[in-house]
2 protein chains.
Amino acid sequence: MSKAVFYHAGCPVCVSAEEKILDVVDKNKLNLEIVHFGNAKDRIGEAEKAGVKSVPALVIDDQVLHINFGASMEDVKSSLNA
Amino acid sequence: MSKAVFYHAGCPVCVSAEEKILDVVDKNKLNLEIVHFGNAKDRIGEAEKAGVKSVPALVIDDQVLHINFGASMEDVKSSLNA
């Protein structure tokens with residue numbers, strides 16, 4: 001099973017993308033974790049290391065899919081003082 | 001069942017995103033069509049109307065998810081003389 005992490009920051013673009021993604025992925029094929037940086041600042045480093053440049057983003061195995069554009073990681077960090 | 005169209009133009013970013021998407025979507029929930037503009041120039045107008053600004057993009061029902069960035073629709077059109 002593939003492992004995926006959907007990183008977001010609660011922005012409207014993020015939430016709307018999250019709903020669609022949750023709707024259409026095959027939960028038997030994908031072990032999907034949702035990470036909201038507002039509740040998990042400590043995951044920011046891991047996301048950046050994986051190549052996440054903006055949110056929302058879906059990291060599947062080692063591949064980053066940036067989905068639309070809600071905010072840059074720089075903006076996420078500065079809004080969270082992270 | 002949701003209807004989705006994955007629009008792309010054969011670029012490496014497109015192909016790599018397509019593989020992941022095909023891999024993880026639930027085919028029982030999503031009726032997914034793949035459109036390669038190189039083979040279907042006549043679908044460009046429909047994609048633009050749906051809000052597609054760049055490829056690859058996944059349109060689910062009426063929502064456009066731009067996934068990473070392969071090329072702008074302007075570049076797609078000029079490379080296809082469309």
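Lettering follows sequence order; numbering is per chain, from 1.
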Side-chain ion pair, A:E48 and A:K53, N-O less than 4.0 Å:
no
Taking side chain as everything from C-beta outward and backbone as N, CA, C, O, which of these in A:V13 sits under 4.5 Å from a heavy atom of chain B? Side chain, backbone, both or neither.
neither
What option among A:S16, A:A57, A:A4, A:S2 has the most heavy-atom pairs under 4.5 Å with chain B?
A:S16
Can you say whether B:D61 sits under 4.5 Å from chain A via the side chain, the backbone, both, or neither, judging by heavy atoms?
side chain
Under 30°, 30 to 60°, or over 60°: which ring-plane class applies to A:H8 and A:H36, parallel, tilted or perpendicular?
tilted
Is it the backbone or the side chain of B:S54 that comes under 4.5 Å from a heavy atom of chain A, or both, or neither?
neither
Picking from B:N28, B:I67, B:L30, B:V24, which has the most non-hydrogen pairs under 4.5 angstrom with chain A?
B:V24
Co-membership, hydrophobic cluster, residues B:I44 and B:F6, 4.5 Å side-chain
no
Against B:L32, only a single residue in B:D26, B:V25, B:I60 fulfils side-chain contact (heavy atoms from CB on, under 4.5 Å); can you say which?
B:V25
Carboxylate-amine/guanidinium contact B:K49 B:E46, below 4.0 Å
no
